[in-house]
Amino acid sequence: MTDEHNIISFRGVTVRYGRVTALQDVSFQIPCGSSTAILGANGAGKSTLLRAVMGWQRLNAGEIRIGDEHPQHARPRLAYVPQRHSVDWDFPITVRGVVEQGRYPALRLFHGLSPGDRGRVEAAMEELGIANLADRQIRMLSGGQQQRVFLARAVAQGGDIFLLDEPFAGLDLFGSEELTHILKAWVEQGRTVLAAVHDLGVARSCFARGVLLKTTLVAAGPIEEVLSPANIDVAYRGGHCVHKDHVHGGGQP
Amino acid sequence: MSLHDALVAPFAYEFMGRALLSAVLLGVSGGLIGCILVLRRLALMGDALSHSLLPGVAAAWYFFGTSTTALFFGGLAAGLLTALGSALLSRMTRVKEDAAFGSLFIVFFGAGVALVSKLPTRINLTDFLFGNVLGVNRGELQLAAAVCVLTVAVFVVFYRSVLLETFDPVFHRATGGRGGLVHMGFLALTVLNLVAAMQTMGVVLALGLFLLPAVSAYLWCDRFMTMLLLSVAIAVVNCAVGILVSFHAGLASGASIVLCLGVVFILSAVFSPRHGALGALRLSSGRRPQP
């Protein structure tokens with residue numbers, strides 16, 4: 001059943017919060033080593049989809065596979081980058097302190113960071129070009145540098161699937177270009193990138209593929225096809241009445 | 001008065017020795033708890049929580065007398081009821097969590113004051129509210145020691161979970177951390193510490209012992225571990241000084257400890273070179289890039 005070229009597959013995934021449906025019967029595949037933008041208006045289910053991939057969102061129906069596994073068993077392969085404004089940058093912690101957190105899940109109780117862990121932390125900071133900032137408190141960084149701290153922490157986790165929640169939010173032009181460059185380099189290295197994105201221009205320039213949501217799946221595939229005028233119209237201009245209008249696909253009977 | 005008379009002689013009294021020991025123990029665990037309250041912006045919630053202990057303690061006193069165990073469980077029940085009640089209120093009604101907490105704690109506090117006024121006259125309301133160091137008995141000292149050991153152990157064993165849950169709960173969750181469990185455990189630990197601190201500090205002032213050292217340390221430190229250690233050091237030193245001031249000046253112990261801590265806090269807020277008011281004036285613009 002599983003396709004070895006697809007690293008993430010959704011089959012008929014439905015998520016409800018009480019009476020509100022966040023995702024309705026969503027099915028699509030993500031090829032290994034691709035970059036995919038998750039798109040859709042506010043409340044279309046982007047964050048719910050990311051949480052579902054992480055394995056901490058209970059599904060009301062359907063299933064998700066990472067490779068051959070349930071998301072909870074695939075956790076070592078997953079590296080997560082939260083929204084930058086979700087943390088307090090005044091927190092008393094240095095750049096190295098944040099990047100070290102990427103190793104925490106791999107540590108056992110009462111064991112500190114091993115020399116191997118420290119090596120990965122340093123390598124991750126080198127890769128993202130923040131090794132020279134290692135001992136800075138994190139408020140003393142530009143927006144782009146703060147984003148790279150989060151990316152370095154994800155790299156230090158050692159996974160090959162990167163999940164990013166609105167990574168471009170609040171970045172200036174330079175920061176966005178820098179991030180685009182980093183994500184493209186990751187994909188060239190064979191890493192898989194999945195990111196919630198709200199800016200369609202960024203999605204076109206930075207991602208090869210797209211998943212367009214409006215509670216149901218509007219379209220999935222190469223980004224230019226996904227972002228056709230007709231699909232955008234359905235996903236963004238179809239009024240504010242919730243799902244179940246003339247959505248094509250989505251697998252509803 | 002010689003130095004010996006001022007600093008050492010008071011502790012020849014047994015109650016002073018007990019008071020000092022209990023305050024120092026509470027300073028250690030309160031300094032740790034306070035850091036999390038400050039960093040997670042739970043300072044006001046902690047304040048509400050401490051007030052809400054009063055009816056539980058008063059009821060325990062009414063039914064079981066001065067038994068430390070009864071007081072402990074009474075306070076614990078009232079604190080957990082407030083925390084749980086406001087969590088339920090905010091989930092099941094339109095009321096947001098801060099308003100739910102604010103409303104519930106003031107009702108609890110009112111009920112507590114009413115209960116205390118009905119207690120036998122020899123018990124003084126001010127002791128409940130502001131603490132009475134003379135009243136620290138052996139049982140309460142044991143309670144303070146147990147709570148201190150438990151708190152330190154939790155911070156040592158779960159240091160990384162505590163740090164992650166405080167700094168970035170979303171990432172903690174994403175990496176398989178039990179965020180909800182850590183949060184509930186932390187609230188329970190806070191209530192434990194508040195109950196233990198009540199005899200020395202009183203319900204109104206107990207939170208000062210937690211918050212003031214932490215917020216002072218926050219103004220000096222750029223590393224989590226350093227902040228924890230400095231916060232504990234500030235708490236312990238000022239508890240000792242506060243007890244002495246209380247003895248010599250005849251002040252309520254809770255008040256004098258809070259005042260000593262308050263001096264440290266205000267000095268920190270003004271003079272901390274990087275994060276204090278003077279530092280901000282000196283740098284006035286630039287240096288701190290906005291995200």
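Quick note on labels: first sequence line is chain A, next is B, and so on, each numbered from 1.
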Chemist: For A/Q83, is it the side chain, the backbone, both or neither that has a heavy atom under 4.5 Å from a heavy atom of chain B?
Modeler: neither
Chemist: For chain A, which candidate among B/L164, B/V156, B/V38 shows the most heavy-atom pairs at distances under 4.5 Å?
Modeler: B/L164
Chemist: Between chain B and each of A/R75, A/R136, A/H85, count heavy-atom pairs under 4.5 Å; write down the option with the most.
Modeler: A/R75
Chemist: Does CG belonging to B/L44 count more than 12 external heavy atoms closer than 6.0 Å?
Modeler: no
Chemist: Any idea which of A/Q101, A/M54, A/Q147 has the most non-hydrogen atom pairs under 4.5 angstrom with chain B?
Modeler: A/Q101
Chemist: Using a cut-off of under 4.5 Å for heavy-atom pairs, which of A/L109, A/V81, A/D172 has the most such pairs with chain B?
Modeler: A/L109
Chemist: To check you understand the geometry: which heavy-atom pair defines the closest contact between A/P92 and B/C221, and what is its length?
Modeler: CB-O, 3.6 Å
Chemist: Under the side-chain contact (heavy atoms from CB on, under 4.5 Å) criterion, do B/D222 and A/M140 qualify, and how do the steps go?
Modeler: CA-CA 11 Å; B/D222 279 339; A/M140 309 287 170; 5.5 Å; no
Chemist: Would you sort out whether B/R223 and A/D135 count as a side-chain contact (heavy atoms from CB on, under 4.5 Å), showing the intermediate values?
Modeler: CA-CA 10 Å; B/R223 283 180 165 81; A/D135 293 316; 3.7 Å; yes
Chemist: Does a sphere of radius 6.0 Å around CG in A/N42 hold more than 12 heavy atoms from other residues, nucleotides or ligands, not counting ones at 6.0 Å or beyond?
Modeler: no
Chemist: Considering non-hydrogen atoms only, spot the tightest contact between A/R108 and B/R160 and give its length.
Modeler: O-NH2, 2.9 Å
Chemist: Which heavy atom of A/D88 sits nearest to which heavy atom of B/F167, and what is that distance?
Modeler: O-CE1, 4.0 Å
Chemist: Please give me the minimum heavy-atom distance between A/G102 and B/F171, naming the atom from each residue.
Modeler: CA-CZ, 4.3 Å
Chemist: Other residues, nucleotides and ligands only: do more than 12 of their heavy atoms fall within 6.0 Å of OH on B/Y159?
Modeler: yes
Chemist: Report the residue from A/F150, A/F91, A/Y80 that forms a side chain to side chain contact (heavy atoms under 4.5 Å, CB included) with B/D168.
Modeler: A/F150
Chemist: Is A/L171 close to chain B through its backbone or its side chain, or both, or neither, when contacts mean heavy atoms under 4.5 Å?
Modeler: neither
Chemist: Is chain B contacted by the side chain of A/R153, its backbone, both, or neither, given a heavy-atom distance below 4.5 Å?
Modeler: side chain
Chemist: Checking B/T166 against chain A: side chain, backbone, both or neither under 4.5 Å from a heavy atom?
Modeler: both
Chemist: Counting only heavy atoms closer than 4.5 Å, note whether A/V98 contacts chain B via side chain, backbone, both or neither.
Modeler: side chain
